[in-house]
There are 2 protein chains.
Amino acid sequence: MDTAALWQRYEDWLYYHEGLGLYLDVSRMRFDSELLETLKPKFAQAFKDMEALEQGAIANPDENRMVGHYWLRTPELAPTQELRTEIAQGIEQIETFAQQIHSGAIHPPEAPKFTDILSIGIGGSALGPQFVASALAPDHPPLEIHFIDNTDPAGIDRVLTKIKNRLKSTLVLDTSKSGGTPEPRNGMLEVKQAYESQGLNFARYAVATTMEGSKLDQLAKAEGWLAQFPMYDWVGGRTSELSAVGLLPAALQGIDIRAMLAGAREMDLATRIQDIPNNPAALLALSWYYSGDGQGKKDMVILPYKDSLLLFSRYLQQLIMESLGKEKDLDGNIVHQGIAVYGNKGSTDQHAYVQQLREGVPNFFATFIEVLEDRSGSSIEVQPGITSGDYLAGFLEGTRQALYENQRDSITLTIPQVNARTVGALIALYERAVGFYASLVNINAYHQPGVEAGKKAAASLLNLQTQVMAVLKEVNTPLDIATLAAKAGASEQVEAVYKILRHLEANDRGIIFYGDRSKPSSLQVSATSV
Amino acid sequence: MDTAALWQRYEDWLYYHEGLGLYLDVSRMRFDSELLETLKPKFAQAFKDMEALEQGAIANPDENRMVGHYWLRTPELAPTQELRTEIAQGIEQIETFAQQIHSGAIHPPEAPKFTDILSIGIGGSALGPQFVASALAPDHPPLEIHFIDNTDPAGIDRVLTKIKNRLKSTLVLDTSKSGGTPEPRNGMLEVKQAYESQGLNFARYAVATTMEGSKLDQLAKAEGWLAQFPMYDWVGGRTSELSAVGLLPAALQGIDIRAMLAGAREMDLATRIQDIPNNPAALLALSWYYSGDGQGKKDMVILPYKDSLLLFSRYLQQLIMESLGKEKDLDGNIVHQGIAVYGNKGSTDQHAYVQQLREGVPNFFATFIEVLEDRSGSSIEVQPGITSGDYLAGFLEGTRQALYENQRDSITLTIPQVNARTVGALIALYERAVGFYASLVNINAYHQPGVEAGKKAAASLLNLQTQVMAVLKEVNTPLDIATLAAKAGASEQVEAVYKILRHLEANDRGIIFYGDRSKPSSLQVSATSV
């Protein structure tokens with residue numbers, strides 16, 4: 001395509017949202033107008049699905065749930081008055097609580113104010129708050145946030161050691177929808193132990209964000225925790241950033257949550273327009289569909305050219321892959337859907353894997369995210385007339401051009417600056433794009449059977465550990481692993497038994513190995529006489 | 001495959017390194033022994049190539065350079081006595097310098113000791129040090145490290161604001177091989193400006209790590225910087241962690257660099273063995289080749305189940321994709337090689353994209369990294385007989401099993417703990433695996449033409465910016481963008497001119513737009529009369 005035609009294509013497809021100052025450019029996705037025609041019936045269905053979802057249809061049939069994250073920023077859309085009131089009051093409750101924490105009206109027993117937040121949560125309860133903290137937290141936030149987002153003991157220790165001296169002024173936000181997810185439960189128990197070892201009453205520092213009636217809800221009530229905030233069964237973890245899950249830590253860090261909600265609301269309005277070229281979420285879904293042939297044949301590489309958006313790629317990785325990565329479509333056919341997502345930030349990544357994007361396997365399309373404002377305040381010149389920010393802009397455009405010349409497609413999303421409003425809009429934009437794409441390929445974007453299966457698999461291995469240890473304590477002589485597995489009723493799980501024992505042995509948990517470690521079947525195992 | 005056969009396959013393929021306590025399990029890559037036979041001739045060549053490389057052959061023909069990162073931990077292998085001495089002295093110089101900084105023998109003009117490190121570098125000069133800092137830095141390091149790894153003005157401001165009050169005791173490590181890479185050069189100029197704005201003489205805080213004779217070398221000498229450390233033309237950025245690039249910041253943070261080198265040396269010894277099943281790097285290369293058919297058809301997902309290894313995935317993303325992502329093979333054929341790499345950490349990622357890995361597009365293979373030691377010290381029980389670490393282990397094994405049952409391949413790498421020695425070994429293991437794989441697919445793993453091209457593309461856009469601004473200042477009436485581009489001799493770059501102007505306008509850089517922003521061709525542009 002010659003330059004003039006390309007410039008025309010750029011303008012023809014350019015989407016601009018005046019209120020947000022946001023541009024979306026899909027001109028470097030090499031689809032033609034025919035695709036638009038072909039997909040119109042699918043999009044008509046997608047728009048209809050989305051309307052039904054926003055009106056409270058059971059959009060997650062597996063779990064018999066409504067899907068209502070759009071109501072969080074437009075409560076008047078919620079299907080009942082009760083929900084509308086609950087959402088509006090929830091936001092007020094967060095603001096009031098944050099003010100009380102900031103002013104010291106609510107303070108820890110032994111300090112005039114809380115100084116730090118320790119956030120315990122995983123998946124949607126971690127990635128949203130982590131992304132928003134790194135994108136939006138002020139340089140000197142009223143409370144500094146730390147995250148425990150795993151069940152890694154060394155990782156937990158590292159965070160606790162870092163804030164050890166400030167534990168007595170650290171507010172714990174424990175976020176778990178069901179209260180039954182092991183990682184946050186373990187994290188909470190470890191943290192509680194840390195408070196108690198300093199003689200602090202954990203309940204006076206702890207806040208629960210969870211569903212009413214959950215195990216965590218019951219515990220928090222029984223122990224009299226400092227406060228509780230609601231999670232709803234109609235908000236999934238990966239779309240919970242604009243619920244209490246994300247808004248509470250944001251407000252505590254001094255981030256303008258009303259602006260986040262307003263940005264999302266504006267984007268929701270824009271993405272309700274049932275006209276593909278005038279709907280940025282539809283343009284994204286169209287581009288994704290084109291690139292991977294509706295089958296995820298190409299990876300999505302996310303390249304924000306802005307340090308504060310580094311975690312946006314990880315946030316999107318969860319939102320997109322957990323929503324779209326499904327075995328079956330809505331009719332029960334095996335489809336193995338999904339789109340792989342990865343990326344960090346530009347221009348940094350140009351000195352890492354962009355070498356491969358430019359020259360190597362053409363198995364991806366890129367999404368550039370451009371931020372027009374370089375910094376607040378003026379810049380020095382690093383050479384006559386040129387600033388560091390000009391370089392950043394030049395690297396983005398240069399890479400975009402080079403990819404195009406090498407037949408690698410890209411999308412470019414441009415925002416005026418990184419602020420609460422644009423971040424809210426970005427979140428809403430991708431939530432809607434994922435919803436549309438799911439309709440185009442006929443899958444349920446709102447469940448995650450693989451995650452549930454993962455929890456069950458781990459639980460069964462922990463049962464196996466208990467059984468194996470019981471057998472081992474009963475017998476007095478060393479056993480080989482296959483025999484031990486058989487005695488534990490787990491002949492089918494010899495290798496897993498070996499792994500369990502190897503892990504216990506490495507942690508001085510009452511296991512001794514005899515034999516050649518390079519030949520597991522030769523090993524004899526016994527329990528130490530503890 | 002039934003359980004007994006699988007257990008046998010596990011043992012048959014299990015690699016164990018006794019000295020390092022490291023296991024590599026490729027039993028869940030579903031290749032058969034035939035593949036091993038088929039690839040033996042290619043591996044014979046790979047072993048030969050590697051031998052030649054270690055003996056100082058020109059292994060990077062494009063740049064007419066030797067490739068000597070293996071010499072860094074085994075100086076006696078270097079091809080000349082001069083190099084051997086230089087390497088050994090380099091390590092001593094780093095240790096001496098770190099001791100002098102720690103003791104205060106070298107201290108900043110206005111403080112008794114340096115308290116912080118500000119590391120400026122990009123690509124290999126950032127990812128290695130970042131990975132090692134997060135994996136190995138002690139809880140209370142003698143100096144705390146901060147990174148500027150981009151030319152993002154807001155990102156630079158954020159780091160500088162954070163350490164503003166300690167700038168007078170902050171040591172700057174400026175790392176740039178050529179000294180001509182724009183991002184570290186811009187970062188250095190911005191940082192220098194910050195020191196000067198506090199009335200501090202930058203040279204008294206600045207250390208250069210660069211090649212002799214580079215622009216940075218000349219600058220550091222002319223300004224009398226605090227110290228200089230060498231980079232070698234035979235060490236590429238992505239394999240420079242065990243040169244001064246990585247060892248200097250590591251030593252300053254109190255990390256045992258001799259142990260890192262020792263771990264790498266042990267792994268190098270193990271990966272020189274010319275027998276595939278007894279060489280862990282060969283087993284990795286074999287597995288990668290199998291999975292992607294020698295054409296990168298599957299993505300490599302890296303899943304370390306340990307918080308401190310979070311950045312290992314990003315480190316490997318650079319090492320693998322920049323080394324393998326090439327357009328041409330060594331004979332000049334167009335091959336578009338590479339392997340896409342992504343991942344963060346388990347079990348956290350199980351609550352994000354592992355849903356897709358389990359159920360969705362089967363376009364990947366996984367690499368689990370298991371760390372046997374849960375933490376230093378004992379654990380509380382989160383339920384009878386079960387610790388947080390048991391959960392972590394259970395999640396890993398459960399996911400591995402589930403992937404296998406769903407015909408998704410995986411590799412499992414097990415280390416006893418995360419320490420300087422095992423981290424050194426991991427780095428060396430993957431460096432060698434990349435080298436072998438490059439031989440198998442006949443590409444040059446040691447150059448990065450796409451990165452150089454990226455620098456040139458940006459430079460050309462900055463020239464365009466200068467031209468456009470010159471034209472705009474000369475004319476007195478507003479112009480449309482196409483006319484302006486033509487006057488600047490850039491009719492082929494209308495869109496780029498528009499992007500440049502939009503960026504300048506957003507930063508109050510003397511540009512005014514009139515017209516409809518949603519239609520760039522309708523815009524009239526003029527320079528403000530500054």
Side-chain angles (χ1 to χ4, degrees), chain A residues 3 7 10 16 122-123 139 149-155 157 161 182 186 189 193 296 307 317-318 321-322 325 327 338 342 348 350-353 355-356 358-361 372 374-375 380 382 388-389 391-395 397-398 448 450 454 457-458 461-462 492 494-495 499 503 506-507 518, chain B residues 3 7 16 122-123 139 149-155 157 161 182 186 189 193 296 307 317-318 321-322 325 327 338 342 348 350-353 355-356 358-361 372 374-375 380 382 388-389 391-395 397-398 448 450-451 454 457-458 461-462 492 494-495 499 503 506-507 518:
Chain A
T3 318
W7 173 232
Y10 176 78
Y16 177 60
I122 197 164
D139 286 329
D149 67 350
N150 198 0
T151 182
D152 169 26
D157 288 347
T161 301
N186 295 349
L189 292 172
Q193 159 75 14
D307 290 355
Q317 190 178 54
Q318 161 172 270
M321 294 178 76
E322 198 174 11
E327 183 186 16
Y342 64 91
T348 307
Q350 292 187 214
H351 296 261
Y353 64 84
Q355 163 66 35
Q356 178 167 314
R358 291 177 71 119
E359 296 203 343
V361 221
L372 291 175
D374 290 336
R375 63 173 19 128
I380 60 166
V382 294
S388 296
Y391 266 99
L392 193 66
F395 281 125
E397 182 60 20
Q448 52 284 328
L461 286 159
L462 293 173
E492 297 295 301
V494 183
E495 194 183 311
K499 296 282 183 69
H503 175 249
N507 288 283
S518 72
Chain B
T3 318
W7 173 233
Y16 178 61
I122 198 164
D139 286 329
D149 67 350
N150 198 359
T151 182
D152 169 26
D157 288 346
T161 302
N186 295 348
L189 291 173
Q193 158 75 15
D307 290 355
Q317 189 178 54
Q318 161 170 270
M321 293 178 76
E322 197 173 12
E327 183 187 18
Y342 65 90
T348 308
Q350 291 188 214
H351 296 260
Y353 64 82
Q355 162 67 34
Q356 177 166 315
R358 290 178 70 120
E359 297 204 342
V361 220
L372 291 175
D374 290 335
R375 63 176 15 130
I380 59 165
V382 294
S388 296
Y391 266 99
L392 193 66
F395 282 124
E397 181 60 19
Q448 52 284 327
V451 178
L461 286 161
L462 293 173
E492 295 297 300
V494 183
E495 194 183 312
K499 298 281 183 69
H503 175 248
N507 289 283
S518 71

- Task: Using a cut-off of under 4.5 Å on heavy-atom pairs, state which of Thr161(B), Leu372(B), Leu189(B) scores highest against chain A.
- Result: Leu372(B)
- Select, from Ala457(B), Ala154(B), Ala352(B), Pro182(B), the one with the greatest count of heavy-atom pairs under 4.5 Å involving chain A. Ala352(B)
- Note on the structure: Of the listed Asp157(A), Asn186(A), Val494(A), the one with the largest count of heavy-atom pairs under 4.5 Å with chain B is Asn186(A)
- Which one of Leu461(A), Ile380(A), Asn150(A), Leu462(A) has the most heavy-atom pairs closer than 4.5 Å to chain B? Asn150(A)
- Query: In terms of heavy-atom proximity below 4.5 Å to chain B, should Leu392(A) be classed as side chain, backbone, both, or neither?
  - Reply: both
- Message: So for Gln193(A), is it side chain, backbone, both, or neither that comes closer than 4.5 Å to the heavy atoms of chain B?
- Response: side chain
- Message: Can you confirm whether Val451(B) sits close enough to Gln350(A) that some side-chain heavy atom of one is under 4.5 Å from a side-chain heavy atom of the other?
- Response: no
State, to 0.1 Å, how close [X] and [Y] come at their nearest heavy-atom pair, and which atoms those are.
X	Y	value
Gln448(B)	Gln355(A)	C-OE1, 3.2 Å
His351(A)	Gln318(B)	O-OE1, 2.8 Å
Asp149(A)	Thr348(B)	O-OG1, 2.7 Å
Arg358(B)	Gly454(A)	NH1-CA, 3.3 Å

Short question: side chain of [X], backbone of [Y] - any donor-acceptor pair under 3.5 Å?
X	Y	result
Glu322(B)	Tyr353(A)	no
Thr151(A)	Ser388(B)	yes
Glu495(B)	Trp7(A)	no
Asn507(A)	Asp374(B)	yes
Glu359(A)	Glu327(B)	yes

- Item | Side chain, backbone, both or neither of Asp139(B) within contact of chain A (heavy atoms, under 4.5 Å) | side chain
